[in-house]
Amino acid sequence: MGNSFTCISHEQEQRPKKSSGGGGSNSGKYKYVRRLSLMPSFRRRTLLPSLSCSGSSSTTSSKKGGIKAKTKKIRERHHHQDHEKDSHIIQEQTLAATNLLFNQTPRSSNSVVPPSFRRSTSVVYPSAQPSGTSSGPVSAVQTPKKSSAGFVRSSSSRQRSSTDPMIKPNQLELNKVEGSETKRFVLVHGGGFGAWCWYKTITLLEKHGFQVDAVDLTGSGVSSIDTNNITSLAHYSKPLLHFFESLKPTEKVILVGHDFGGACMSYAMEMFPTKIAKAVFISAAMLANGQSTLDLFNQQLGSNDLMQQAQIFLYANGKKNPPTAVDFDRSLLRDFLFNQSPPKDLALASVSIRPIPFAPVSEKVHVSEKNYGSIRRFYIKTMEDYAVPVLLQEAMIKLNPPEQVFQLKGSDHAPFFSRPQSLNRILVEISQIPFKKSS
């Protein structure tokens, strides 16, 4: 192959010289051309310009080399300029973002947050009692939207948006969570429900630094007991009673109950008065001494046609005996219980609700002023409730007055579904209400 690198110009390559020989010259010519054709194209482009040859190939190759070098330098210079321009833009954007963050961050000489101040800790000031207001057993009804009290705010340094759906700007107050007698809530579900119904309330309370427990009463939620076999209020309330037995002697909780769970609350309040700091009834059966839940609902049974249509009585012991449980017509759940709740919560309830044991509903509750009466009670009214209408709630409040009454506008019978944030705000506020000093 070494002989095939004979240097020739383009003209020589196109018109090779004829040999003086005869037939041998033609064979030599084709042999010469064939050797050149065996050279790879990249070898020809690389090697030929470097050879010291006469003709136009040397001049043309040198010009091409110069052009390539200049082009390369221009590209490198443009790339360097583009890189500097991009770096400058990034620096400007970083500086602008830093200034924006700095302007949005509260600045003060005492802006250092104490180590003990937990993020997302609830901060609420209790409602201030207007001067000159009579201090009767039932306070004036407080509407959460119109209350001037400070409500929940995260301890995050981020400024809350004025469009925050939970609270309004004039309701914001920032302080440590102090003054509450306990930071632990115990949630008791209503008839047919289970601990599952509190999932939103549990999440919101825990975000504000509270410890939350939700119990499944016997025959409810994940309990394996057949509802038809529950024969007493003590049997139905057994998981709640076990919870209070497991508490330390000096530990207290805020007890919250919904619907028929109010009867279980009253039973526990009579047995464990020293372990309950406050009791909150949410559209719940707040019974007087010697009263049963069945007695209570019979007052409205004639005027509540929807209740009669939605209830299905079960007779596990035969129809000649009293019913053993009460179930719900699934097609009427939305109209009866969840008329303001989101569809996903209605779907959850449709597959989770279980029958209500009938015996505990018809059992009369016996409570005393010494035990039950020593616990501070609060009532939360649900204003769009078709299962426990407002008139029935007001009748319970009048018969057995609590310390203070709140109301949830736009809430159906399940405020933990339809108005979870407003419910959470009221629960937090109740936890911060201080003891009234005796005059």
Side-chain angles (χ1 to χ4, degrees), residues 113-128 142 144 147 149-157 160 166-167 171-189 195 197-216 239-258 261 264-265 268-269 271-282 284 374-380 402-404 406 415-416 420-437:
V113 180
S116 60
F117 195 90
R118 296 181 55 193
R119 182 178 177 84
S120 296
T121 302
S122 168
V123 180
V124 175
Y125 285 114
S127 300
Q142 298 187 2
S147 175
F151 292 118
V152 183
R153 179 178 180 180
S154 168
S155 62
S156 168
S157 61
R160 187 180 294 277
M166 292 182 62
I167 50 181
Q171 295 174 333
L172 298 179
E173 294 290 345
L174 186 61
N175 194 8
K176 293 183 181 180
V177 178
E178 294 177 352
S180 59
E181 192 173 356
T182 177
K183 292 293 299 294
R184 190 170 187 178
F185 278 90
V186 179
L187 310 179
V188 184
H189 61 80
C197 73
W198 298 107
Y199 77 96
K200 293 181 181 179
T201 304
I202 292 172
T203 303
L204 291 171
L205 287 175
E206 287 182 343
K207 281 184 178 179
H208 291 97
F210 292 96
Q211 181 180 352
V212 187
D213 299 278
V215 298
D216 274 320
L240 179 62
L241 304 181
H242 280 174
F243 172 83
F244 279 107
E245 290 172 354
S246 67
L247 291 178
K248 297 177 182 179
T250 58
E251 189 173 4
K252 289 189 175 185
V253 301
I254 299 175
L255 185 59
V256 180
H258 171 248
C264 302
M265 285 177 59
M269 291 165 67
M271 294 186 65
F272 303 98
T274 60
K275 295 186 178 182
I276 302 173
K278 297 169 184 174
V280 184
F281 294 78
I282 305 174
S374 66
I375 301 173
R376 305 174 69 189
R377 288 179 292 114
F378 303 85
Y379 200 95
I380 300 177
E403 178 179 320
Q404 197 166 341
F406 298 83
F416 36 75
Q421 294 179 346
S422 297
L423 174 61
N424 173 74
R425 184 170 66 239
I426 293 176
L427 292 177
V428 172
E429 182 177 355
I430 290 175
S431 74
Q432 298 296 306
I433 296 177
F435 281 113
K436 290 183 179 180
K437 295 181 179 180

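Values reported hereafter were calculated over all heavy atoms of this structure, with side chains retained and with hydrogens, waters and symmetry mates removed.
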Test side chain to side chain contact (heavy atoms under 4.5 Å, CB included) applied to Phe416 and Leu187, step by step
CA-CA 11 Å; Phe416 36 75; Leu187 310 179; over 6 Å; no
With sequence neighbours left out, write down each residue that passes side-chain hydrogen bond (donor to acceptor under 3.5 Å, both in side chains) with Lys275, or none if nothing qualifies.
none
Hey, can you pull the donor-acceptor pairs under 3.5 Å for the side chains in residues 244-255, sequence neighbours left out?
unit_1: Ser246; atom_1: OG; unit_2: Phe243; atom_2: O; d: 2.6
unit_1: Glu251; atom_1: OE2; unit_2: Arg184; atom_2: NH1; d: 2.6
unit_1: Lys252; atom_1: NZ; unit_2: Glu181; atom_2: OE2; d: 3.2

If you apply the rule side chain to side chain contact (heavy atoms under 4.5 Å, CB included), what do you find for Phe272 with Leu241, and how did you get there?
CA-CA 9 Å; Phe272 303 98; Leu241 304 181; 3.9 Å; yes
Checking side chain to side chain contact (heavy atoms under 4.5 Å, CB included) for the pair Lys200/Leu423: CA distance, chi angles, key distance, verdict?
CA-CA 10 Å; Lys200 293 181 181 179; Leu423 174 61; over 6 Å; no
Tested for side-chain contact (heavy atoms from CB on, under 4.5 Å) against Val212, the lone hit among Leu427, Thr201, Thr203, Leu205 is Leu205
Interatomic distance, CG@Leu240 vs CE@Met265, rounded to 0.5 Å, equals 9.0 Å
Looking only at heavy atoms, the pair that brings Phe406 and Gln404 closest together is CZ-NE2, 3.6 Å
To the nearest 0.5 Å, what is the distance between CZ on Arg377 and NZ on Lys278?
14.5 Å
At their closest point, which heavy atom of Asn424 faces which heavy atom of His208, and how far apart are they?
ND2-CE1, 3.5 Å
State which residues pass side chain to side chain contact (heavy atoms under 4.5 Å, CB included) with Pro239; sequence neighbours excluded, sorted by chain then number.
Thr218
Partner residues of Ala284 under the side chain to side chain contact (heavy atoms under 4.5 Å, CB included) criterion, sequence neighbours left out:
Phe281
Indicate the atoms forming the closest heavy-atom contact of Thr182 with Ala277, along with that distance.
CG2-CB, 4.1 Å
Report yes if the side chains of Pro420 and Leu204 come closer than 4.5 Å at any heavy-atom pair, otherwise no.
yes
For Ala195, side chain to side chain contact (heavy atoms under 4.5 Å, CB included) partners two or more places apart:
Ala214, Asp216
